[in-house]
Amino acid sequence: MTERLRLIQGDITHVTADAIVNAANSSLGGGGGVDGAIHRAAGKELLAECLTLGRCPTGQARITRGYRLPAAHVIHAVGPVWQGGKHNEDALLASCYRNAFALMEKHGLRTVAFPSISTGIYGFPIERAAPIALREIRAALEQRPELEQVTVVLFSEKDLKVYQQALGV
Ligand code: ADP
């Protein structure tokens, strides 16, 4: 399985894949962090398409084209805001990954890159988020043989190390 899952440090807007995942907010109207970077790189057509989609509840995901990104599609997943850990945050985070994979299946997509959803502005502790993300990714790779590659793109070396440790590498 390991060759189908890779962890890299970098900027997700530079990744070529069938889809990259955006850590979006419910408005789908763009924001800071990776969301802002994706919208800047994709161009204003991305916001125009997002605004046709309406609101996206926490834990769910929506798909658009990638416009000027090297990725063909963007899957906008809305992670939970950390509220101390007893407000269903773990399940809502897992749901983002599961719904992203469901959209990939629906659209026949085989390669995807994820950022570390919710662990920036939304404040989810990365040490707790990484095992949840990796558990869902591994489950999808087991259940979906059509998935060719899942890349987790960590923005900092520290974040990469947390994911590597959670993966056991
Ligand atoms: P959230 O609101 O879901 O917490 P953020 O965008 O604030 O989303 O942060 C999610 C993660 O994405 C953080 O680890 C942040 O460092 C990272 N990040 C920010 N910009 C990029 C980028 N261009 N590529 C990959 N990861 C990024």
Side-chain angles (χ1 to χ4, degrees), residues 5-44 46-47 50 53 55-101 103-104 111-137 149-167 169:
L5 168 57
R6 60 179 188 144
L7 307 178
I8 64 169
Q9 185 187 346
D11 181 341
I12 202 167
T13 66
H14 297 162
V15 172
T16 300
D18 293 339
I20 61 170
V21 176
N22 181 16
N25 59 59
S26 283
S27 77
L28 301 184
V34 71
D35 194 5
I38 287 172
H39 276 275
R40 277 193 299 279
K44 62 181 182 344
L46 178 62
L47 180 60
C50 283
L53 300 175
R55 286 181 70 78
C56 179
T58 302
Q60 295 191 27
R62 302 285 184 266
I63 190 167
T64 66
R65 292 167 55 197
Y67 300 97
R68 285 178 224 175
L69 290 165
H73 299 85
V74 180
I75 295 173
H76 305 264
V78 181
V81 177
W82 181 255
Q83 297 179 74
K86 294 188 173 139
H87 292 80
N88 211 25
E89 292 97 327
D90 293 348
L92 288 167
L93 184 65
S95 167
C96 286
Y97 289 87
R98 281 204 291 273
N99 283 316
F101 285 117
L103 280 172
M104 288 190 65
T111 60
V112 63
F114 286 90
S116 181
I117 297 170
S118 281
T119 67
I121 298 162
Y122 278 6
F124 202 122
I126 193 166
E127 292 78 9
R128 180 152 155 176
I132 296 169
L134 292 169
R135 181 190 73 213
E136 295 304 326
I137 291 168
Q149 188 155 64
V150 179
T151 305
V152 186
V153 183
L154 290 319
F155 207 43
S156 71
E157 193 182 348
K158 179 191 155 288
D159 289 356
L160 176 64
K161 286 196 171 132
V162 172
Y163 270 70
Q164 283 171 335
Q165 195 164 17
L167 191 61
V169 295

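Numbering of ligands and ligand atoms starts at 1, following listing order. For the numbers below, each heavy atom of this structure counts, side chains included, while hydrogens, waters and symmetry mates do not.
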Participant: Do Val34 and Phe155 have side chains that get closer than 4.5 Å, going by heavy atoms?
Facilitator: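 Counting from C-beta outward, Val34 and Phe155 never come under 4.5 Å.
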Participant: Please work out, at 4.0 Å between heavy atoms, whether the side chain, the backbone, both, or neither of Leu154 comes within that distance of ligand 1.
Facilitator: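 It is neither part, as no heavy atom is under 4.0 Å.
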Participant: For atom 15 (C) of ligand 1, grab the closest protein heavy atom and report residue, atom and distance to one decimal in Å.
Facilitator: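 Of every protein heavy atom, Phe155 CB, 4.4 Å lies nearest to atom 15 (C) of ligand 1.
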Participant: Side-chain contact test, heavy atoms from C-beta onward, threshold under 4.5 Å: evaluate it for Pro57 versus Val78 and give yes or no.
Facilitator: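 Not in contact.
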Participant: Return the residue, atom name and 0.1 Å-rounded distance of the protein heavy atom closest to atom 23 (N) of ligand 1.
Facilitator: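 In this structure, atom 23 (N) of ligand 1 has Asp11 OD1, 2.9 Å as its nearest protein heavy atom.
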Participant: Which heavy atom of Leu69 sits nearest to which heavy atom of Ile38, and what is that distance?
Facilitator: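 Distance-wise, the nearest heavy atoms are CD1-CG2, 4.0 Å.
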Participant: How far is atom 7 (O) of ligand 1 from the closest protein heavy atom, and which atom is that?
Facilitator: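 Residue, atom and distance for the closest contact: Ile121 N, 2.7 Å.
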Participant: Among protein heavy atoms, which sits nearest to atom 24 (N) of ligand 1, and what does the distance come to when rounded to 0.1 Å?
Facilitator: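 The closest one turns out to be Ile12 N, 2.9 Å.
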Participant: Do you know which two heavy atoms are closest between Thr13 and Pro70, and how far apart they sit?
Facilitator: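 Residues Thr13 and Pro70, closest heavy atoms: O-CD, 3.3 Å.
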Participant: Do any pairs count as a side-chain hydrogen bond (donor to acceptor under 3.5 Å, both in side chains) and have a residue in residues 120-131, sequence neighbours left out, and if so which ones?
Facilitator: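 Passing the test, one end in residues 120-131: Asp90-Arg128.
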Participant: Show which atoms of ligand 1 fall inside a sub-4.0 Å distance from at least one heavy-atom site of Asp159.
Facilitator: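 Going through ligand 1 atom by atom, the ones under 4.0 Å from Asp159 are 14 (O).
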Participant: According to side chain to side chain donor-acceptor pair (under 3.5 Å), who are the partners of Tyr97, at least two apart in sequence or on a separate chain?
Facilitator: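 Per chain and number, Tyr97 pairs via side chain to side chain donor-acceptor pair (under 3.5 Å) with no residue.
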Participant: Using distance alone, decide if ligand 1 has a nitrogen or oxygen within less than 3.5 Å of any nitrogen or oxygen in Gly33.
Facilitator: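 So ligand 1 has no N or O lying under 3.5 Å from an N or O of Gly33.
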Participant: In the protein, which heavy atom is nearest to atom 3 (O) of ligand 1, and how far is it?
Facilitator: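 Scanning the protein heavy atoms, the shortest distance from atom 3 (O) of ligand 1 goes to Ser118 N, 2.9 Å.
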Participant: Among protein heavy atoms, which sits nearest to atom 8 (O) of ligand 1, and what does the distance come to when rounded to 0.1 Å?
Facilitator: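 Result: Ala23 CB, 3.7 Å.
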Participant: Is there a side-chain contact between Ser118 and Glu89, using heavy atoms and a 4.5 Å cut-off?
Facilitator: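 The answer is no, as the side chains (C-beta and beyond) never meet within the 4.5 Å cut-off.
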Participant: When you measure from the heavy atoms of Ser116 to every atom of ligand 1, does any distance fall below 4.0 Å?
Facilitator: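 For ligand 1, residue contact (heavy atoms, under 4.0 Å) with Ser116 is present.
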Participant: Considering only protein heavy atoms, which is closest to atom 6 (O) of ligand 1, and at what distance to one decimal place?
Facilitator: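 So the nearest neighbour among protein heavy atoms is Val34 N, 2.8 Å.
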Participant: Can you find a heavy atom in the side chain of Leu167 that is under 4.5 Å from one in the side chain of Leu5?
Facilitator: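 Leu167 reaches Leu5 side chain to side chain.
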